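The block underneath contains the structure these notes are about, expressed in structure tokens.
It should be emphasised that the depicted structure is a prediction, and the values quoted were computed from it without experimental measurement.
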Protein chains: 2
Amino acid sequence: MSTSLLDEDGAHATAMDVLSPDCPSRVVFGRIGERWTMFVILALEPGPMRFTALKARVGVVTPKVLTETLRALEGDGLVSRRAFDESPPRVEYALTPLGRSLLEPIAAMRAWAEAHVPEVLASRDRALS
Amino acid sequence: MSTSLLDEDGAHATAMDVLSPDCPSRVVFGRIGERWTMFVILALEPGPMRFTALKARVGVVTPKVLTETLRALEGDGLVSRRAFDESPPRVEYALTPLGRSLLEPIAAMRAWAEAHVPEVLASRDRALS
DNA sequence: CAGTATCCTGTGAGATACTG
DNA sequence: CAGTATCTCACAGGATACTG
């Protein structure tokens, strides 16, 4: 993958590349690894949303951290920020088309979670004994 | 999702649940958030592997961290550990069926990365100016 | 070979308070 | 309302050395 993005052969052929330090995959796995990214993206799924509403949906996140996350996602082109020149201020965050496209693989993860989390939890219980 | 795993309606209906503190999704997103999980799983894709070989595939990881990661994945039932009573010692790690099933959503992420990482990187460049 | 055992550090993230 | 500004800290993770 780091050497050939358009590689057309099977999964095994590119499996090693993801492990190379300069592989673009690290970008993705690095970003989704950040604690709040996924939640913000999922929270934005219904549509454009104001800061406070977003914060409420995400839950316990502090404004500082939410802002940091949003800036990062903006920088990645996954989220757009639109400020209206009003008083009181009004700002709307939304997923960009690129950001919306991430919903699909995230959905795959969620589907996996729904299907298999019970097994994982059972395994964890067993591990404790 | 936290309230109804078998919910059959659309994505929007369950979008909020993932944000609840007790949602099982957190288990997944929490685990994949750990820095080395994905890499270990991907590294194990080809088949059973010894500690040192695994370490070499994953790259720069230290033995301590690799061990921690493996123990966690073992606890989750995603990876199995098999020790042969020989000298020198020999241990083989492998994906369990459950662990192998995780390869699918991971593949979706990788596919997304392959398709869109250039856009993300371009956006980051723009953000720096 | 397959790990442990220590020690150490950066930083992601929380708490709290304040402002254009 | 939509953030900033500080301060603080746990802890994931790294470096290094050692062992059954």
Side-chain angles (χ1 to χ4, degrees), chain A residues 19 21 26-44 47-76 78-94 124 127, chain B residues 19-21 26-44 47-76 78-94 127:
Chain A
L19 305 172
R26 300 235 175 207
V27 172
V28 179
F29 294 136
R31 179 62 74 212
I32 67 177
E34 272 149 53
R35 184 150 191 193
W36 296 103
T37 329
M38 305 288 258
F39 296 114
V40 168
I41 300 215
L42 284 168
L44 282 174
M49 203 170 300
R50 304 179 63 165
F51 188 86
T52 305
L54 185 53
K55 186 167 171 305
R57 273 179 68 80
V58 171
V60 292
V61 68
T62 63
K64 179 200 152 199
V65 171
L66 181 55
T67 302
E68 287 169 353
T69 306
L70 286 167
R71 297 278 184 269
L73 293 175
E74 234 191 305
D76 286 357
L78 299 172
V79 163
S80 66
R81 190 195 116 113
R82 196 177 160 206
F84 299 84
D85 197 5
E86 302 174 2
S87 178
R90 180 163 141 248
V91 178
E92 282 195 345
Y93 292 93
R124 282 190 189 178
Chain B
L19 305 171
S20 104
R26 301 232 175 210
V27 172
V28 179
F29 295 136
R31 179 62 74 214
I32 67 177
E34 274 148 52
R35 185 153 192 191
W36 296 103
T37 328
M38 304 287 259
F39 296 114
V40 169
I41 299 214
L42 284 168
L44 282 173
M49 204 170 300
R50 304 180 64 165
F51 187 86
T52 304
L54 185 53
K55 186 167 172 305
R57 273 179 68 80
V58 171
V60 292
V61 68
T62 63
K64 178 199 153 200
V65 171
L66 181 54
T67 302
E68 287 168 355
T69 306
L70 286 168
R71 295 281 184 268
L73 293 175
E74 233 190 307
D76 286 356
L78 299 172
V79 163
S80 66
R81 190 194 116 112
R82 194 176 163 207
F84 299 83
D85 198 6
E86 302 174 0
S87 178
R90 181 164 141 246
V91 178
E92 281 195 344
Y93 292 94

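Remark: P of D:dA12 and CZ of A:R35 are 11 Å apart, rounded to the nearest angstrom. Between B:L66 atom CG and C:dG3 atom P the separation is 9 Å, expressed in whole Å. As a whole-Å value, the separation of A:K55 NZ from C:dG14 P is 11 Å. In this entry the distance linking CG of A:L54 with C1' of D:dG3 reads 13 Å, nearest Å. Across the protein-nucleic acid pair, A:I32 atom CD1 and C:dG12 atom C1' stand 17 Å apart, rounded to whole Å. Whole-Å rounding puts the B:E68 CD to D:dG14 P distance at 10 Å. Remark: C1' of C:dA2 and CD of B:E92 are 13 Å apart, rounded to the nearest angstrom. Regarding B:R82, its CZ atom lies at a distance of 17 Å from the C1' atom of C:dC1, rounded to whole Å.
The listed nucleotides are C:dG3, C:dA13, D:dA2; the one nearest the side chain of B:T67 is C:dG3. Side-chain proximity of B:R50 to D:dC1, C:dC1, D:dG14: nearest is C:dC1. When distances are taken from the side chain of B:P88 to each of C:dA13, C:dT4, C:dC1, the shortest belongs to C:dC1.
Between A:R81 and D:dG3, a side-chain N or O to OP1/OP2 separation shorter than 4.0 Å is present. Between C:dA2 and B:T52, a contact under 4.0 Å exists linking OP1 or OP2 to a side-chain N or O. Put simply, B:Y93 has a side-chain N or O that comes within less than 4.0 Å of OP1 or OP2 on C:dG3.
Relative ring orientation between A:Y93 and A:F51 is described as tilted, the plane-to-plane angle lying within the 30° to 60° band.
Across all their heavy atoms, B:T69 and B:W36 have their closest contact at OG1-CB, 3.8 Å. B:A43 and B:L54 get closest at one heavy-atom pair: CB-CD1, 3.7 Å.
In a base pair of the Watson-Crick type (N1 to N3 plus N6-O4 or O6-N4) or a G-U wobble (N1-O2 and O6-N3), with each distance short of 3.5 Å, D:dG20 is matched with C:dC1.
At least one side-chain heavy atom of A:R31 sits less than 4.5 Å from a side-chain heavy atom of A:L73. Using a 4.5 Å cut-off on side-chain heavy atoms (C-beta onward), A:F84 and A:E92 make contact.
Contact annotation: side chain of A:K64 to base of D:dG3, donor-acceptor pair absent below 3.5 Å.
Comparing A:P89 and A:R71, the nucleotide of DNA chain D nearest to each residue sits closer to the 5' end for A:P89.
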